[in-house]
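Heads up: the structure comes next, in structure tokens.
Lettering follows sequence order; numbering is per chain, from 1. Predicted, not measured: the structure shown is a model, and the values here were computed from it.
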Protein chains: 2
Amino acid sequence: MTTLNQAVDRHLPASTGMDFMEQRKPTSSTAFKVRAGQGIYCEGQRANVIYQVQSGAVRVYRLMQNGQRHILSFYGPEEWFGLQDGPFHDDFAEAICDCQLQPFSIGGLPTLPVNLLGIALTSLAYANSRQLMIVRQSALERVAVFMKEMADRHPGVNEFELVMSRADIADYLGLTVESVARSFTKLRTSGIIRLHGRGQRYVRIVNADALAALSM
Amino acid sequence: MTTLNQAVDRHLPASTGMDFMEQRKPTSSTAFKVRAGQGIYCEGQRANVIYQVQSGAVRVYRLMQNGQRHILSFYGPEEWFGLQDGPFHDDFAEAICDCQLQPFSIGGLPTLPVNLLGIALTSLAYANSRQLMIVRQSALERVAVFMKEMADRHPGVNEFELVMSRADIADYLGLTVESVARSFTKLRTSGIIRLHGRGQRYVRIVNADALAALSM
DNA sequence: CGAAAAGTTGAAAATGGTCAAGTACGGTGG
DNA sequence: CCACCGTACTTGACCATTTTCAACTTTTCG
């Protein structure tokens, strides 16, 4: 799997290196911690375990031949990831920040404590919706959709921290970091959001209605 | 479901009208025919039946708020469609040409003659691959990918008919008909394909290697 | 404090969309 | 059989959006 090295070279801190976790024992279903930036699984690894996020956030991405990274999804608490079509992963999963994960072996057991079909269908519906959004919406609209997704993960509060970098957001929305920054600026100067804090990663939703209107 | 009327207005021949099929009886698993252009199911309909194409071709699409149509997938012989996350369809299925379809009820039965999880995971993997392709590739590359997909459905021959219109292809690739036509022209003038027949829908792959190189 | 990383901004270039015109084809009716 | 019409497809010119490239600011971290 030559793409693994590209992935590490391009996207992981040099110090992190190839620290993708070795395979967990299928029958040991104890939760475990992953540090920020650490790999959870990588392309080509055997896919006989799925994960539920207990705390933290995870990015799942694929690498294209030219080395470009495309983030398929971010996962937060309660959400499942790692379910695969074939016996091997065709994507990468990494912790965005410190995470607690619950693994579930899907090898052979006739009855699982989770509904795999439900997870697969939820993922499928999400992937199809995302396809529409990414292909048909403008840069500003995509960023608005992203912002609304993030806001919806923090119900009851109108201010939160983005755990991911602008580069992550760009690779998630199919844009460049520059376009993401420009869209952030537009949202800010039009009074829809306010940005502050470390690396402008703290967001306050000022005009939720205008945001919703943009992200439709 | 107001979008149904939009769909019919925009995309079906006027004579066809609202001819989406009434629900089949779950237990009757007899194959049936659908005429070209006819609807198979529509958004909002109950989703308790999945279909396997026996002959012909089907398009499955969603409609956006603004009325734009996005084709999620084309389905040919042997392929399954109609499996849904919730109890209701969020998309439309129509016959592109005359079709023979095999329905399978998925209501309640503990054991089905088909592997739903497998179908869901295959669809998911396909949707994710398509996301990368559509978001990251240029117009020409997308058309090349499409052409290769179509060519791969006709193994052993290097000439075949496109059953779908340029508009279908555009809505599938996230382009306009004009961009599709221009990309077809580029492929033709660079000696990769040749076009002829009714509405330039017959394709001969002249340089399969060049096509594969473009579509990677 | 200084270097590296992350984020923002501006100007030029490329890509695809829009609008408009023109061509080819198939079906209908005289 | 041919003229006509509508649809599908193609092509050209122009325009809008996003990318690219470059510079600059801010933040983070040793």
Side-chain angles (χ1 to χ4, degrees), chain A residues 9-16 36-37 66 68-70 96-97 134-144 146-147 161-189 193-203 214, chain B residues 10-16 36-37 66 68-70 96-97 133-144 146-147 161-189 193-203 214:
Chain A
D9 289 353
R10 301 179 114 260
H11 305 299
L12 293 181
S15 62
T16 313
N66 59 25
Q68 250 187 98
R69 180 183 69 157
H70 181 76
I96 297 177
C97 53
I134 285 189
V135 179
R136 306 286 175 168
Q137 314 257 104
S138 69
L140 182 61
E141 287 169 335
R142 285 184 243 182
V143 170
F146 167 81
M147 207 57 95
E161 181 190 358
L162 297 175
V163 289
M164 65 287 286
S165 68
R166 300 290 193 266
D168 282 340
I169 299 170
D171 287 354
Y172 176 66
L173 297 176
L175 299 169
T176 58
V177 285
E178 294 93 332
S179 289
V180 171
R182 278 185 253 267
S183 295
F184 269 68
T185 301
K186 277 182 196 156
L187 291 178
R188 182 170 52 72
T189 57
I193 63 171
R194 194 163 303 174
L195 298 168
H196 65 99
R198 82 167 178 87
Q200 303 292 81
R201 288 204 190 176
Y202 286 86
V203 181
L214 265 178
Chain B
R10 303 179 111 261
H11 305 300
L12 292 182
S15 62
T16 312
N66 60 25
Q68 250 187 100
R69 180 183 69 156
H70 181 76
I96 297 178
C97 52
M133 188 267 281
I134 285 190
V135 179
R136 305 289 174 166
Q137 315 257 103
S138 69
L140 182 62
E141 288 169 335
R142 284 183 244 183
V143 170
F146 166 80
M147 205 58 94
E161 181 190 359
L162 297 175
V163 289
M164 64 289 285
S165 68
R166 300 289 194 267
D168 282 340
I169 299 169
D171 288 353
Y172 176 66
L173 297 176
L175 298 169
T176 59
V177 284
E178 293 94 333
S179 289
V180 171
R182 277 185 255 268
S183 295
F184 269 67
T185 301
K186 276 184 198 158
L187 290 178
R188 182 170 51 74
T189 56
I193 62 171
R194 196 164 302 176
L195 299 168
H196 66 101
R198 86 170 173 84
Q200 303 291 84
R201 287 205 190 176
Y202 286 86
V203 182
L214 264 178

Nearest-nucleotide pick for Glu178(A), side chain only, options being dG17(C), dT11(D), dT9(C): dT9(C)
Residues forming a side chain to side chain contact (heavy atoms under 4.5 Å, CB included) with Arg194(A), sequence neighbours excluded: Arg204(A), Val206(A)
Beyond-backbone contact of Phe184(A) with Met147(A), side-chain heavy atoms, under 4.5 angstrom: yes
Between P of dT10(D) and CD1 of Ile193(B), the distance in whole Å: 9 Å
5' precedence on DNA chain D between Gly199(A) and Ala181(B) (nearest-nucleotide basis): Ala181(B)
Paired and unpaired positions of DNA chain D as dot-bracket, Watson-Crick or G-U wobble under 3.5 Å, | denoting a partner strand: ||||||||||||||||||||||||||||||
Nucleotide dT25(D), atom C1' - distance to CG of Leu195(A) in whole Å: 15 Å
Any side-chain heavy-atom pair of Leu195(B) and Thr185(B) under 4.5 Å: no
From CD (Gln200(B)) to CD1 (Ile193(B)), nearest 0.5 Å: 9.5 Å
Between P of dA6(C) and CD of Glu161(A), the distance in whole Å: 15 Å
Selection from dG16(C), dG7(C), dT18(D) that lies nearest to any side-chain heavy atom of Ser138(B): dG16(C)
Touch class at under 4.0 angstrom, heavy-atom based, for Arg188(A) against every strand present: sugar-phosphate
Given dT27(D), dT20(D), dT8(C), the nucleotide with the shortest approach to the side chain of Arg166(A): dT8(C)
Closest to side chain of Thr185(B), choosing from dG7(C), dT8(C), dT11(D): dT11(D)
Sugar-phosphate, base or nothing in reach of Gly174(B), heavy atoms under 4.0 Å: sugar-phosphate
Sugar-phosphate, base or nothing in reach of Arg182(A), heavy atoms under 4.0 Å: base
Could you pull out every donor-acceptor pair under 3.5 Å between side chains of residues 175-183 of chain A and any protein atom, sequence neighbours left out?
unit_1	atom_1	unit_2	atom_2	d
Thr176(A)	OG1	Ser179(A)	N	3.2
Thr176(A)	OG1	Ser179(A)	OG	3.2
Ser183(A)	OG	Ser179(A)	O	3.1

Leu162(A) CG to dT8(C) C1', straight-line distance once rounded to whole Å: 16 Å
SG on Cys97(A) to CE on Met164(A), rounded to 0.5 Å: 8.5 Å
Between P of dA14(C) and CG of Leu175(A), the distance in whole Å: 20 Å
Nucleotide dA8(D), atom C1' - distance to CZ of Arg201(B) in whole Å: 8 Å
Any Thr176(B) side-chain nitrogen or oxygen under 4.0 Å from OP1 or OP2 of dG16(C): no
Rounded interatomic separation in angstrom, taking CD from Gln137(B) and P from dT19(D): 15 Å
Side chain of Ser179(A) - closest among dT10(D), dT18(D), dT20(D): dT18(D)
Rounded distance in Å - CD1 (Ile134(B)) to C1' (dT15(C)): 17 Å
Atom of Asp171(A), atom of Arg69(A) and distance for their closest heavy-atom approach: OD2-NE, 2.7 Å
First of Leu140(A) and Gln200(A) reached from the 5' end of DNA chain D, by closest nucleotide: Leu140(A)
Salt-bridge present (Glu161(B), Arg198(B); N to O < 4.0 Å): yes
